[in-house]
2 protein chains.
Amino acid sequence: MVTAREIAELCGVSVATVSRVFNQPASVSGPTRERVERVARELDFSPNESARALSRKQSAMIGLVWDTDHRRPGWRHPFLQDLLLGLKSALSSHGYHLLLLATSDDARSRTPGVSLADPVGYVSMTRRHHLAGLVLIDSGSDAEAFTAFARSGLPCVALDVAISGPKATYVTSDNVRGAADAVAHLAGLGHRRIATLTGPRDNTPAAERTRGYRDGLAAAGLEARDDYVVSGDFYRESGFVGMRRLLARKEPPTAVFAASDEMAVGALLAARATGLRVPDDLAVVGFDDIEVASLVDPALTTIAQDKPGFGTAAAEALLKMIETDAAPEPVLLPTRLVVRDSCGA
Amino acid sequence: MVTAREIAELCGVSVATVSRVFNQPASVSGPTRERVERVARELDFSPNESARALSRKQSAMIGLVWDTDHRRPGWRHPFLQDLLLGLKSALSSHGYHLLLLATSDDARSRTPGVSLADPVGYVSMTRRHHLAGLVLIDSGSDAEAFTAFARSGLPCVALDVAISGPKATYVTSDNVRGAADAVAHLAGLGHRRIATLTGPRDNTPAAERTRGYRDGLAAAGLEARDDYVVSGDFYRESGFVGMRRLLARKEPPTAVFAASDEMAVGALLAARATGLRVPDDLAVVGFDDIEVASLVDPALTTIAQDKPGFGTAAAEALLKMIETDAAPEPVLLPTRLVVRDSCGA
DNA sequence: CTGAAAGCGCTTACAG
DNA sequence: CTGAAAGCGCTTACAG
C-alpha cells in the first residue's frame, strides 16, 4: 500500500500538499499538482478511506437500512434490485458507496460494543461508521424507528414512508393519482361496479391508493360502496381470499383494482377458481408492474411505478442534503398505466 | 460522540484498558471489566470504526462486487434479494457489514483519486477501504476481473464462477446433477425426444447444465442429438426463439429442458404461439425456481436452486478464510426438482 | 502557494 | 493485569 507520505517524498513536497492535490486542487500550483498527480498515478496510489474518514469525521458511505420485517417472514421488496441499481449508480458518481447495515436483529451479534450500544443497532452502526447519510427502505413496520432517524439530524431519505426532520425527506409514487388512473381506466371501459383490494391499514402508500380509488370513483360519478373495499396485505394470498369475498357479495363487482400486483394475481387466481373468465367476467388492474405482471395469463393491466427512479431520486435528495443544508421537498414519482389483457381494453 | 478516552477517564483507567475490554476481555480483571462495560453502556459508547480500521489495517466490511454487465443491459440476477438476505444475516452475526461497491463504471466518478487509480475501480476501492473480504457476483462476463481478485490474496468468494487462489473459492449449484435430474424426470414420463435450451456459451453453470443434460440422456439410454441442443442466453426471448427453432425440426422434440426459468417461460410462449399445448404436446422443465415459475400457466416444473443458501454459504466460506488461513473447498449446493404442471406429471 | 504540527480515535507491542 | 507511547494515514487550521 503506497501512502501519501511516499508520494510526498518522491515529489519533494509535504504530505499536506499531496492531500491538497486530491481535495482542493485549485489551491496547489500547476506544476506541483501535475507532478503529484503523475507520481500518484504511476504508483497507483489510493488514499486510505479509514484515515480520511477519521480525520474528516465523515465517511464516504451511505447506510442502507433494509430490514426484513420479522412480522412478515416471506416479505420481499417488489423491486429491490432496480432500486439498488439506481441508487448505486447515482451515488457512485459522487464518490459514495452503499453500506448495507447488518444489525443484531439479523442474528445474535457478537460485534464488540454492539451489545453495549443501543438495542436498535442501526443507530449505533450509523454513528460508528460516521455515515454521510441514510436510505431507509420500508419493510412494513419500521415507522417509529424511521422517525427516530429523521430527528437525528443525519441526512435521511425514506422510501415509501413519510418522514420529516431537519435533514429528512422521502420519495414515494404518486399513489393517489395512480389509483385514480386505474379506476378511470375501468370506468372508461364501462364498469360501474368497481371494487378494490387494499394494502395493510398501517401502510401509507396503501392508504393513498385507497384514497385514489375513491377519487377515481367520484370522478367517474360512481358511488363508493363499503362492501366493495376489502383489505389485504399486499400478498397474493390476501388477494385471493379478498377476491373470493368480493365475488360472494349479493351484487358482485365486475372490476377490481388491487393495490399490488401480487394481490392482483391472487384475484386472477380467485376468478379462475370461481369459474369466471378474466377479462370477460371480471376486469383486474394491479399496481407496481413487477415482472410477473406480464407473464400471468391474462397479462395484467397495471399501474407501473418508476423503479429505478426511486433509487436515483433518493440519491439526489441525499446528495442535496449532504452538500447544502436544506431538506428537499418529498419526491412524488409519477406512475404510468400499462394496458395489457386483464381488462379487455 | 463519546470516545474511549472519556470512558477511560470516568473509570480511572487508560484507554488501552478500555480497548482491551472490547477486544480481549479475558485479559482484563473482572471488576475493571465490569466497570468499564457499565459506564460504556450508560454513555452509549460505540467505538469509531474508522479509527479501528485504521489502526488494525482491516475494516469490518465485506465488499460486494456486483456490476451490471454493460453488454447485457436488461440483466437481472434471478434471486439477488434472497442472496443478500442470506449474506447479510450470516455476516452480521460475526460483526461484518456489506459494502456495495460502486465503481466508475456506474457513472463517471469524480471521487478524488479514482481517476488516478487503476481503471478497474474495484481493486482500488477494495484497497482504500481495507476490506476484510469480497463477494463476487457473476454478471455474465467478469471472469478475468474475478481471476485478478482471486490472485490478490484477499479472501474472495465468487458466486457461480469458478475461481481459485490462495484465499479464494466459490459457491455454485450442483448444475450437472440438477440438469440430469430434469432429464431423468422427463425420461421417466416416457419422453424420448428431449431437447435443451442452453445458457450462454461462456457461462460455466450453463455449460454444466448442458453436461448434465447429456448425462441424463445417457443414463436414460437416450441418444444425444446435436439438433436438439439450441443455445440461448438465459433470457426469455432466447427461449422463445430457440423453442421455435426446435419445433421446426423435421422430428420435433416432445420435451425440453431449459437452463433457466426465463427461457422456459419463453418456450411456453413459443409453444402457445405454435398452437401446441403444454404439457400435452410439449413438456417443459426449467431451472432456478424464480417467483414467476409458479405463476405461469401451466405452472412450471423446475430445478430449484438454494437461493438463501448461496448467501449463507458464501458468508461461511469468507469467514473461514478470514479467521483461519485456508481456502475452503468450493461449495456445491444441492438442487431440488419441483414438480408442477408443465410436464403433466 | 506551501510546510510543520496537531489531531482524528482507536490498537498493540513493550515494559512493568 | 495495566499503562505510557508509538503508530495507523490522512486533513486542516495556522503561519509564513
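Heavy atoms only: backbone and side chains are in, while hydrogens, waters and symmetry mates are out. A, B, ... follow the sequence lines: proteins, then strands. Residue 1 opens every chain.
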Would you confirm whether Q81(A), through its side chain, and H77(B), through its main-chain N or O, come within 3.5 Å as a donor-acceptor pair?
yes
Atom [atom1] in [X], atom [atom2] in [Y]: separation rounded to 0.5 Å?
{"X": "L64(B)", "Y": "L101(B)", "atom1": "CG", "atom2": "CG", "result": "8.0 Å"}
{"X": "F45(A)", "Y": "M1(A)", "atom1": "CZ", "atom2": "CE", "result": "8.0 Å"}
{"X": "T172(B)", "Y": "L332(B)", "atom1": "OG1", "atom2": "CG", "result": "6.5 Å"}
{"X": "D160(B)", "Y": "L136(B)", "atom1": "CG", "atom2": "CG", "result": "12.0 Å"}

With a non-hydrogen cut-off below 4.0 angstrom, is [X] in contact with a base, only sugar-phosphate, or nothing?
{"X": "S50(A)", "answer": "nothing"}
{"X": "A16(B)", "answer": "base"}
{"X": "V13(A)", "answer": "sugar-phosphate"}
{"X": "S27(B)", "answer": "base"}
{"X": "T17(B)", "answer": "sugar-phosphate"}
{"X": "A8(B)", "answer": "nothing"}

Audit row: F146(A), Y170(A), ring-ring contact (aromatic ring centres under 6.0 Å, His included) steps and yes/no:
CA-CA 11 Å; F146(A) 283 12; Y170(A) 62 94; over 10 Å; no
Students should find this one: the first and last nucleotides of DNA chain C, 5' to 3', lying under 4.0 Å from a heavy atom of chain B. What are they?
dG9(C) to dA13(C)
Can you confirm whether L85(B) sits close enough to W66(A) that some side-chain heavy atom of one is under 4.5 Å from a side-chain heavy atom of the other?
yes
For a stem of at least 3 consecutive Watson-Crick or G-U pairs with distances under 3.5 Å, i pairing with j, i+1 with j-1 and so on, which stems involve DNA chain C?
C:1-3 with D:14-16, C:5-12 with D:5-12, C:14-16 with D:1-3
Report the C-alpha separation of I322(A) and I62(A) in whole Å, then their side-chain angles, then the decisive distance to 0.1 Å, and conclude whether the side chain to side chain contact (heavy atoms under 4.5 Å, CB included) test is met.
CA-CA 11 Å; I322(A) 293 171; I62(A) 301 292; 3.8 Å; yes
The residue, R33(B) or L54(B), whose nearest nucleotide of DNA chain D is more 5′ is R33(B)
